[in-house]
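In this text, all values refer to a predicted model and were calculated from it rather than measured experimentally. Chain letters run A, B, ... following the sequence lines, proteins first and then strands; every chain starts at 1.
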Amino acid sequence: MNEEFKKKYHEKYLAAKQKGVKFWPDIIYKDLIVSFGLFLLLVGLAAFLGVAQEPKADPNDANYIPRPEWYFLFLFEFLKFIPGAIEWVGTAVIPGIGVLILLLLPFIDKNPYRNWKKRKIGVAVMSLIVIGIIGLTVRAVITTPEQEEVALAGSIAEQVIQGQDLYSFWCAECHQPEGEGGEIIGVEGIEDGTLVKSISSIDEMWTRTDETFYNIIDLGQQDLGMPPYGLGYGGELQRSEIEDIVTFMRYTWDERAEIPEDAIIGIPSLAEGEVPSYEVHISIVAKRYCVSCHRPGKENNEYLMQTYEEILTTGDNADKNVIAGDLESYIIVTLHRESIFDASGEEIIGPMPPSKDLKAEYIDMFERWVLAGMPETADEATALSEPIMEDAGDAAPASEPETGTEATPP
Amino acid sequence: MSGNTAEKIFAWLEERLGLEAIYATVLDRKVPKVNWWFTLGSASLFLAVMQGLTGVFLTMYYVPSPDKAYDSIQYIMNGVAFGWLIRGIHHWGASLMVIVVFIHMLRTFFYGAYKYPREITWLTGVFLLLFTLGMGFTGYLLPWNQRAFWATTVGTEIVGTVPFIGDFLLKALRGGTDISAVTLARFFSAHIWILPAGVVLMISVHMYLIIRLGISNIPSDEE
């Protein structure tokens with residue numbers, strides 16, 4: 001830029017300034033309006049959208065789909081177009097040149113004109129870059145697969161509930177639904193009759209810290225026959241899941257911990273003549289006492305119990321496991337601790353659950369359910385229930401929840 | 001009488017601080033008439049200050065160690081009065097700041113405001129844009145959640161592909177071969193000390209130049 005141009009610029013700028021406004025209050029006033037608007041926007045975003053919950057970092061969980069902050073997505077997406085062998089061109093050379101050009105722009109761009117009509121090439125290039133960045137960002141957002149949601153427990157109550165489900169699924173097979181332990185029967189890889197000590201006793205609770213419990217689940221105690229469950233050691237549990245199990249154990253079995261009331265999920269007991277449903281009753285009992293073995297990958301005659309359909313239709317003996325109205329259904333017979341024999345007199349199913357009686361109350365629940373024809377929803381069950389005598393007055397037919405553990409709520 | 005006292009206090013201060021000179025130079029000056037796009041610079045400054053303030057509050061509870069970072073943020077969100085609001089503003093403020101700073105840069109570009117005599121203002125502005133992105137990158141790891149951990153893993157891997165010095169850069173960023181407690185400490189330090197120092201320095205120069213040169217005018221057809 002020559003001296004002539006500089007002089008001309010200063011004259012023009014001076015003229016614009018003289019026709020202009022005062023910095024205070026005119027400019028400041030507009031600035032304040034915009035800043036205040038942004039402030040309201042921020043408070044609104046914080047209050048109404050909040051910050052998404054994420055599980056704690058788990059270096060062993062290689063399944064996690066990495067996604068950078070959204071304003072780096074375009075770079076990420078851009079790299080997908082660069083062949084792997086020359087990846088460094090996309091990661092270092094092109095962004096490096098881009099930044100350098102941006103920095104040195106005033107020294108590269110010798111065109112003295114400011115109005116966009118006289119800088120068409122520059123304006124066009126920049127516009128294309130901006131459109132490219134926006135396009136790549138949108139493309140990245142669309143093409144990135146959804147992260148498989150890990151149910152995140154926020155409050156203690158949520159952690160306890162989630163921990164209970166995880167415990168029933170992964171641990172109850174050997175440690176029993178209430179952690180009482182005992183003789184192991186019918187668990188793959190462990191000799192029948194192996195004794196497991198109680199993990200819910202007062203001794204256990206007072207002498208083991210949460211960290212100890214965490215490590216035992218994470219690493220296992222292989223000399224004692226317990227395999228590792230942590231993702232990092234060949235197991236399948238994420239860090240946050242193990243933490244939920246520990247929270248469940250602590251709050252349910254440790255007399256010093258006070259369990260939040262909304263963390264107690266009871267199995268509702270049945271009133272006289274009431275028919276249980278899968279939805280309200282059977283699913284919870286099955287989840288807590290059965291699915292630890294009756295899930296894929298376990299020795300269970302292929303009988304799975306994780307959903308309504310599975311209970312009715314799976315297994316080597318699918319046609320005999322659950323028969324509407326028939327108390328000779330295998331599920332009922334085995335709950336009464338009787339074995340099922342095939343024609344040659346060989347035992348094909350042992351007593352269930354293998355090592356311990358199910359509470360009589362729950363056996364009764366299964367019997368009533370089978371007799372009524374296995375209703376799935378609460379409405380179906382209500383329709384099948386015997387009408388309640390009016391003499392009960394205001395007593396509601398709905399039953400009181402009960403904990404199903406020794407720790408009965410007040 | 002009281003008015004007289006106030007005047008005396010002001011006169012005493014004026015004699016020592018030169019307040020009127022500051023007022024005349026900074027506030028009471030004429031500038032070209034401009035449009036609303038020109039508010040984005042001050043909006044960036046406002047957001048930077050908000051990030052600074054909320055960030056300072058967050059450091060009161062945040063613990064930069066892999067064992068405690070996640071839990072300390074859970075505590076900020078659930079245990080500290082208005083902690084959720086402070087974190088929420090800091091979280092969203094980061095995204096908003098990137099947008100506002102970027103559009104501010106575009107405005108400067110399309111109006112040709114980076115040209116003589118504002119080359120250095122532009123230079124410091126580009127540094128501020130880069131620092132803003134750097135703040136976003138380092139801040140992203142601090143919550144120590146899955147998203148943070150894996151984004152940083154991949155982000156630093158990208159740095160590792162730089163020819164010749166990539167391996168060195170990767171190790172320098174991570175403080176070792178893997179993302180660890182050292183990485184978290186490093187990112188935390190960069191996020192609350194190194195980059196903010198750079199930001200403050202650049203903002204000071206940027207602002208000085210704006211006051212010295214005045215805001216640019218909207219170029220007319222023949223400019």
Run the side-chain donor-acceptor check on residues 74-85 of chain A: report pairs under 3.5 Å with partners two or more places apart or on a different chain.
from	atom 1	to	atom 2	distance (Å)
E77(A)	OE1	K80(A)	NZ	3.1
E77(A)	OE2	R139(A)	NH1	2.5

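- By the 4.5 Å heavy-atom criterion applied to side chains, M105(B) and M126(A) are counted as neighbours.
- Both tests pass for R118(B) against the ring of Y13(A): distance under 6.0 Å to the centre and angle within 45° of the axis.
- The closest donor-acceptor contact from the side chain of Q146(B) to the backbone of D58(A) lies under 3.5 Å.
- Other residues, nucleotides and ligands place no more than 12 heavy atoms under 6.0 Å from the CE atom of M207(B).
- Interface residues of residues 19-34 of chain B toward chain A, defined by a heavy-atom distance below 4.5 Å and sorted by number: Y23(B), V26(B), L27(B), D28(B), R29(B), K30(B), V31(B), P32(B), K33(B), V34(B).
- When side chains are defined from C-beta on, L129(B) counts as touching L102(A), because their heavy atoms get closer than 4.5 Å.
- Between M97(B) and Y71(A), the closest side-chain pair of non-hydrogen atoms is not below 4.5 Å.
- The closest side-chain heavy-atom distance from F46(B) to V34(A) is not below 4.5 Å.
- Without hydrogens or angle criteria, K118(A) side chain to E223(B) main chain gives no donor-acceptor distance under 3.5 Å.
- Summarising the geometry of Y114(B) relative to R119(A), their closest heavy-atom pair is OH-NH2, 3.3 Å, with the distance given to 0.1 Å.
- For the pair Y140(B) and R67(A), the tightest heavy-atom approach, listed with the atom from each and the gap, is OH-O, 3.5 Å.
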